[in-house]
Each structure stands twice: as structure tokens, then as C-alpha cells.
Peer 1: 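One structure, pasted below without further comment.
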Amino acid sequence: MCAAARANGFETERITEVCKSLDARRRLVDRVAGTDARIIIFRSFGECGFAVRSRLKKLRAAGHILICDQPSPMTTMFNEINHSGASFAKRMYNSVMAIYTGPWGFRPYHRVVEYAPESSFFSWGNRKRLMLCGNGIDVSRVPVRNYDGGTPDGSLRMVGVANTAVHHGYDRLIKAMAIYNGKHDKKAYFNIIGGNSDSPVIISLKKLAHDLGMDDYVEFSGFRDQDFISHAYDRSDLAIGSLGLFRNNLNTSSILKIREYCLAGIPFMAAGDDPDFMTDMSFRIVVPNDESIEPIAYAIEEFTQRKDMLTPGEIHAYAVEHLSLENKFKQITEGLL
């Protein structure tokens, strides 16, 4: 975002601190208060927003324009807390903090940028400052893939890149692959890149693949560098986004990895809505945002019939035109200056 601001003619400074306590968050705001910046963009303080509210009010009163970058709606935080693996007492404490922060945590900001619609509770009194805007991406970070048209044997190669969690819904894809592979000689393969081998989600996915007889078709590559990922894009026909948004009580989201897929020029499968993509785009394969499996198996079969409709360059061009950080920065600051 700093590079995008500079490209739009602004001088920028980035302050990055790991805040593990309420006092650390307060010190961060106090540090920012020493700047003469006209625009200050904060990454959301989440359930700890109550701790810095009074300080943010002082910044606003001093003439600064305050923008909050809210990575996911506050309402989804309760689901994230519940699945965090923390103790019951810690989960209860964090949930109470989120409620205490409430919609009042947004009040000091001039604009709150969100990537999915907010709940009525956290939107109360904030509807004019809430802005639905898809994530932007640095269009220079990922090269266009060197796709060779697929494997000679006609099999389907899929890839999913994520710090794998339940909301990615990869279990749905594995179940759908079992249906598809049971009907076709030309098989579907799936490479999962990301996730620790000892994480509960990866362990459950490996068990699922084994139970369904899919061990030979599902690969678990773990965390890898960008060169490995780019090479995987070169060899894959289809990338997999989040297929389990409903598990976070979401139907709309702005997944960063989807934008990387688009930038690399690879078609992708996704569930739910995205503010930057229309539902009828040929390179975005949309499946129901629920637990159903058969529609995904059908989508895989349908995709194999038209996987060469768009070139990587055409998909990449959409990302450059619509998803660049420079474009997003203009949207976010419009009307505030």
C-alpha cells in the first residue's frame, strides 16, 4: 500500500510492530501521533479496538484522516476465536473484548475498508464510513505463468496455496475428486501447498484422502517458497480458492490468494461472492458456498471441457487493470482529501 501511495504522489512511512498486549497497541498509536502525516492507515486492532479508541479520537481531532484496514468483518472474529485452539477462558475473554469494542471501535475512523459485508451490530452508526472494497495486489510480485496446455495424458492438475484452515474447504474438493475419479479414466490431482504437517486440518485432510482411496491423487507439499509455487502454477490447470467461507459465516470475501492466482494467469475455483469478480467470468469457477459435494464434481468435469478458453495473459491482464494496489488506493481515499 505504501508503494501504491507513492505511485499516487504521496510521501509515505511504514511502521510495523508486533503488538502482543494492549499497552503495546497504545504505544503504537502514540508513536504514530508524532507524525505529521495527513492520512494514517491502521491495520485493524480487532477485538482490542477499545484499548486505542480514545487515542484515535485525539488523532482525528488533531486533523489527521484515519482509515482502518479491516481484513475480515468483525462479526467473523467470533468464529475465528472459537476455532483458535486457545483455552476456553482465553476464548471467552477475547469474545468479551470483541463485544466491548463493538461498533464504537470504528467511530474514530473516517473510513473503514472491509472486504465483505459487516454485521448489523458492528455496522450500527457506521454505515457511512464502511466501504466494501476488494483486496489489492502488487502486480509485479508474481509473473505470468508459463502454461504448457496441460499434461499429455489429459489428467487435470489442481493446486491450492494457503496456510490451510477449515474455511479453505479443501475437504470438499477431495470428496468431489473421489466422485470424479471414480467415473473417469483421466484423473484429477490436487497439490496442497501450505500448512504444517502436524496441524489438525492437514492431519484430517490426509486421513480423508486415505479413507477415500485418494492418496495417489492428493499431494501435501507443506510451506514452500515463491519459486516452487510459481512452478506449480506453470504445471496446473486450475487453482483452488476458499470453498468453505460459510464456515466463517461469510458469503462474500476478498481472498488475497485468489488475486495471486488471477495475476499468475491461472483459472480458479471459488465459493461465494467477491467484490472484484462478477459471477459469470469464465476464469472464475463458482461453486455453492455450502457443504454440497456433487456440484464441485460437476464443476471439475465441466472445466475439463473448456480449460483452454482463456490464455494466462488474458487472465493476468484483468488483474493488472482491476486489482492493482494503485487502483485500490485511489478508491480508498476518494472523497477524503
Peer 1: Determine whether the side chains of Arg235 and His231 contain a donor N or O and an acceptor N or O closer than 3.5 Å.
Peer 2: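 Checked: Arg235/His231 side chains pair up, N/O donor to acceptor below 3.5 Å.
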Peer 1: With a 3.5 Å distance limit and no angle check, can you tell me whether Glu118 reaches the backbone of Thr75 through a side-chain donor-acceptor pair?
Peer 2: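 Answer holds: yes.
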Peer 1: Ignoring hydrogens and geometry, is there a side-chain-to-backbone donor-acceptor pair from Arg25 to Ser21 under 3.5 Å?
Peer 2: yes
Peer 1: To the closest 0.5 Å, what do you measure between CD1 (Ile174) and CG (Leu208)?
Peer 2: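 Answer for the CD1-CG pair, Ile174 versus Leu208, is 5.0 Å.
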Peer 1: Give a yes or no on whether the backbone of Ile202 and the side-chain of Ser199 come within a donor-acceptor separation of less than 3.5 Å.
Peer 2: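 Looks like yes, one N/O pair under 3.5 Å.
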Peer 1: Is Phe106 close to Gln70 at the side-chain level, that is, under 4.5 Å between some pair of heavy atoms?
Peer 2: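 They are in contact (side-chain heavy atoms under 4.5 Å apart), so the answer is yes.
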Peer 1: Please report the C-alpha distance between Arg38 and Leu337 in whole Å, then the side-chain angles of each, then the deciding distance to 0.1 Å, and finally whether the side chain to side chain contact (heavy atoms under 4.5 Å, CB included) criterion is met.
Peer 2: CA-CA 9 Å; Arg38 185 177 180 191; Leu337 300 174; 4.3 Å; yes
Peer 1: Counting only N and O atoms by type, is there a donor-acceptor contact under 3.5 Å from the side chain of Asp290 to the main-chain atoms of Ser292?
Peer 2: yes
Peer 1: So Phe42 and Phe45, would you call those rings parallel, tilted or perpendicular, with 30° and 60° as cut-offs?
Peer 2: tilted
Peer 1: Using side chain to side chain contact (heavy atoms under 4.5 Å, CB included), reason through Met269 and Arg284 one step at a time and then give a plain yes or no.
Peer 2: CA-CA 6 Å; Met269 180 182 291; Arg284 181 175 182 260; over 6 Å; no
Peer 1: Check whether any side-chain heavy atom of Lys257 lies under 4.5 Å from a side-chain heavy atom of Glu260, and answer yes or no.
Peer 2: yes
Peer 1: Is there side-chain contact between Leu22 and Val52, with at least one heavy-atom pair below 4.5 Å?
Peer 2: no
Peer 1: Would you say Ser44's side chain and Gly46's backbone share a donor-acceptor pair under 3.5 angstrom?
Peer 2: yes
Peer 1: Any side-chain to backbone donor/acceptor pair from His316 onto Cys262? Under 3.5 Å, distance only.
Peer 2: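 It does not hold such a pair.
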Peer 1: Only one of Thr311, Asp237, Asp234 passes side chain to side chain donor-acceptor pair (under 3.5 Å) with Tyr147; say which it is.
Peer 2: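 Option passing the side chain to side chain donor-acceptor pair (under 3.5 Å) with Tyr147: Asp237.
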Peer 1: Nearest 0.5 Å please: distance from the OG1 atom of Thr252 over to the CG atom of Asp273.
Peer 2: 4.5 Å
Peer 1: A side-chain contact here means heavy atoms from C-beta on lying under 4.5 Å apart; do Met158 and Asn191 qualify?
Peer 2: no
Peer 1: Taking side chain as C-beta onward, heavy atoms only, is Tyr109 less than 4.5 Å from Ile41?
Peer 2: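 Counting from C-beta outward, Tyr109 and Ile41 never come under 4.5 Å.
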Peer 1: Does Tyr93 have more than 12 heavy atoms from other residues, nucleotides or ligands lying within 6.0 Å of its OH?
Peer 2: no
Peer 1: I'd like to know whether the aromatic ring centres of Phe329 and Phe10 sit less than 6.0 Å apart in this structure.
Peer 2: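 Distance test on ring centres: under 6.0 Å, yes.
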Peer 1: Applying side chain to side chain donor-acceptor pair (under 3.5 Å), run through Asp276 and His322 and close with a yes or a no.
Peer 2: CA-CA 7 Å; Asp276 285 321; His322 297 279; over 6 Å; no
Peer 1: Are more than 12 heavy atoms, taken from residues, nucleotides or ligands other than Glu334, located less than 6.0 Å from that residue's CD atom?
Peer 2: no
Peer 1: For Phe268 and Phe283, take the angle between the two ring planes, folded into 0 to 90°, and tell me which bin it lands in: parallel under 30, tilted 30 to 60, perpendicular over 60.
Peer 2: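 The rings of Phe268 and Phe283 stand perpendicular, inter-plane angle above 60°.
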Peer 1: Using only heavy-atom distances, determine whether the side chains of Glu47 and Tyr100 contain a donor-acceptor pair under 3.5 Å.
Peer 2: no
Peer 1: For residues Leu205 and Thr164, determine if any side-chain heavy atom of one lies less than 4.5 Å from a side-chain heavy atom of the other.
Peer 2: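 In short, these two side chains touch, coming nearer than 4.5 Å.
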Peer 1: Taking atom types as modelled, find out whether Asn251 and Asn289 have a side-chain donor-acceptor pair closer than 3.5 angstrom.
Peer 2: yes
Peer 1: Does Trp124 have Arg129 sitting over its ring (NZ/CZ under 6.0 Å from centre, angle to axis within 45°)?
Peer 2: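 Here Arg129 fails the 6.0 Å and 45° test against Trp124.
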Peer 1: Consider only side-chain N and O atoms of Arg14 and Thr16, and report whether a donor and an acceptor are under 3.5 Å apart.
Peer 2: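 Judged by distance alone, the side chains do pair up.
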Peer 1: Check whether NZ of the Lys or CZ of the Arg Arg91 lies under 6.0 Å from the centre of the six-membered ring of Phe88 and within 45 degrees of that ring's axis.
Peer 2: no
Peer 1: Between Pro103 and Met74, is there a side-chain heavy-atom distance shorter than 4.5 Å?
Peer 2: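 SC-SC contact between Met74 and Pro103 ruled out.
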Peer 1: Check for me whether the distance between the ring centres of Phe190 and Tyr170 falls short of 6.0 Å.
Peer 2: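 For Phe190 and Tyr170, the ring centres are under 6.0 Å apart.
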Peer 1: Is it true that, when you exclude Asp225 itself, more than 12 heavy atoms of the residues, nucleotides or ligands shown sit nearer than 6.0 Å to its CG?
Peer 2: yes
Peer 1: Can you tell me if Tyr298 has over 12 outside heavy atoms packed within less than 6.0 Å of its OH?
Peer 2: no
Peer 1: Does Arg157 make a cation-pi contact with Tyr189, if we ask for NZ or CZ under 6.0 Å from the ring centre and within 45° of the axis?
Peer 2: yes
Peer 1: Within the 4.5 Å heavy-atom criterion, are Ile67 and Thr333 side-chain neighbours or not?
Peer 2: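 Touching, per the 4.5 Å side-chain cut-off.
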